[in-house]
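In this chain, residues are counted from 1 in sequence order. Atoms within each ligand, like the ligands themselves, are counted from 1 in listed order. We use all heavy atoms of the structure for the numbers below, so side chains are in, but hydrogens, waters and symmetry mates are not.
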Amino acid sequence: MRKEFPGGALAVDDVSLTVEAGTVFGVVGHSGAGKSTLLRLVNGLEEPTSGSVLVDGHDLAALGERGLRPVRREIGMVFQQFNLFRSRTVLGNVLYPLRLAGLDRATARARAEETLEFVGLSGHGKRYPEQLSGGQRQRVGIARALATRPKVLLCDEATSALDPQTTGEVLALLRRVNRELGVTIVLITHEMEVVRGLCDRVAVMEDGRVVETGEVYEVFARPQHPTTAALVRSALHAEPDGELLERLRARHPGRLVTVPVVDGVPVMEGLSPLLREHGVDFAFVHGGVGEVRGRPLGSVTIELRGERAAVEAVEAGLAGSGRRKAGVR
Ligand SMILES: Nc1ncnc2c1ncn2[C@@H]1O[C@H](COP(=O)(O)OP(=O)(O)OP(=O)(O)O)[C@@H](O)[C@H]1O
């Protein structure tokens, strides 16, 4: 689809995406990339200039305002700034969409309380949003979005206003929403950490276009587009460069070599025999190995010390066994 605003801004430019039911799909990109517009197209708040949006088989543009209502009920929204009613209690906020959907008072109340329990806020129903922490407010936002039992949850920078620890808690809750309730989640974010912590697949947007899309581990391990590579670097122990590399060189006079650690690429395993064979000593100087979707990923920079020819032989051996270049210089 395409979305051009009056005045000429091409916010979404020839984007084609499929989100499988029951999965978590992330759209990541810098400010102005077109993520919010994409999300608004998915919930029918914007109409595409051309192309179409199908939600659970329904073509949104063909439905009209009346036809759109029941489909919208299948789509919950979670916002960066929570968008709670300040004058309503926590319970009142969660009750609101249920009453709007026509549930009677008793059924709505039971459902709201059950949903608050799911998000870990039972007992907080009588409090007001401003009496809650940011993380708790977002839990209320998620409860309100889930109360009508939607099939799809759209999250607009849902953790961007939260500190790292609270972000982790909200991501864990969203993971439960997906796994335990089977809700499909589409989220937009500028943070690769959010993609890493939650998503199955990711699309990277830039200037209205999707420049890369794929399974999250693959995108982290082998980014294809420079924008993706830059986003991934910010979230991983990446190969040192620039000033950091200069400092490392000043501290470590030996040969610096960065070894990528990618699941299924046995570069690190080859290190010990190579060092032994050539009589080369080493020290870890930078980097580390983390996990993406339960699989190891990272890079380790080591200093090789020994005879020049022996060091070069080790370096050549490492480069030969890995698919990516191993040398820092
Ligand atoms: N209603 C509108 N009218 C005109 N231009 C718009 C409108 N909404 C968005 N745009 C333009 O479309 C482009 C994409 O904006 P969008 O908000 O979708 O990006 P984004 O990736 O979500 O960025 P952010 O995270 O800053 O919201 C921008 O150039 C923006 O100025």
Exercise. Among all protein heavy atoms, pick out the one at the shortest distance from atom 12 (O) of ligand 1; state its residue, atom name and that distance to 0.1 Å.
Key: A11 CB, 3.2 Å

Practice problem: Using a 4.0 Å heavy-atom threshold (strictly under), name the region of A9 that reaches ligand 1: side chain, backbone, both or neither. | Solution: side chain

Quiz item: What are the two closest non-hydrogen atoms of V177 and F118, and how far apart are they?
Solution: CG2-CE2, 3.8 Å

Quiz item: For ligand 1, which atoms have a heavy atom of A33 less than 4.0 angstrom away?
Solution: 19 (O), 20 (P), 21 (O)

Exercise. Give the residue, atom name and distance (to 0.1 Å) of the protein heavy atom nearest atom 27 (O) of ligand 1.
Key: S36 OG, 3.2 Å

Quiz item: Is it the side chain, the backbone, both or neither of H30 that has a heavy atom closer than 4.0 Å to ligand 1?
Solution: backbone

Self-check item: Heavy-atom side-chain contact between D56 and V71 under 4.5 Å
Solution: no

Quiz item: Any N or O of E46 that comes nearer than 3.5 Å to an N or O of ligand 1?
Solution: no

Quiz item: Heavy atoms of the protein only: does one fall short of 4.0 Å from atom 30 (C) of ligand 1?
Solution: no

Quiz item: Should one rank G34, S31, G7 by closest heavy-atom distance to atom 19 (O) of ligand 1, which comes out on top?
Solution: G34

Self-check item: atom 24 (P) of ligand 1 protein-contacted, heavy-atom criterion under 4.0 angstrom
Solution: yes

Quiz item: Is any side-chain N of the basic residue among E113 and R111 closer than 4.0 Å to the acidic one's carboxylate O?
Solution: no

Quiz item: Looking only at heavy atoms, which two atoms of E191 and T159 are closest? And how far apart?
Solution: OE1-OG1, 4.0 Å

Exercise. Could you find the nearest protein heavy atom to atom 5 (N) of ligand 1 and give me its residue, atom name and distance?
Key: F5 CD1, 3.4 Å

Exercise. Give the residue, atom name and distance (to 0.1 Å) of the protein heavy atom nearest atom 15 (O) of ligand 1.
Key: T37 OG1, 3.9 Å

Self-check item: Stacked cation flag R88 on Y128, 6.0 angstrom / 45 deg
Solution: no

Quiz item: More than 12 foreign heavy atoms under 6.0 Å from CZ of R179: is that the case here?
Solution: no

Exercise. Verify whether one side chain among T258 and T301 offers a donor that lies under 3.5 Å from an acceptor in the other.
Key: yes

Quiz prompt | Cation-pi, F82 ring and R137 (6.0 angstrom, 45 degrees) | solution = no

Quiz item: To the nearest 0.1 Å, how far is atom 14 (C) of ligand 1 from its closest protein heavy atom, and which atom is that?
Solution: G32 O, 3.5 Å

Exercise. Go through the steps for R293 and D200 under the test salt bridge (Lys or Arg N to Asp or Glu O under 4.0 Å), then give the verdict.
Key: CA-CA 8 Å; R293 308 217 36 92; D200 299 305; 2.8 Å; yes

Quiz item: Considering only heavy atoms of K35, which atoms of ligand 1 have at least one such atom less than 4.0 Å away?
Solution: 18 (O), 19 (O), 20 (P), 21 (O), 22 (O), 23 (O), 25 (O)

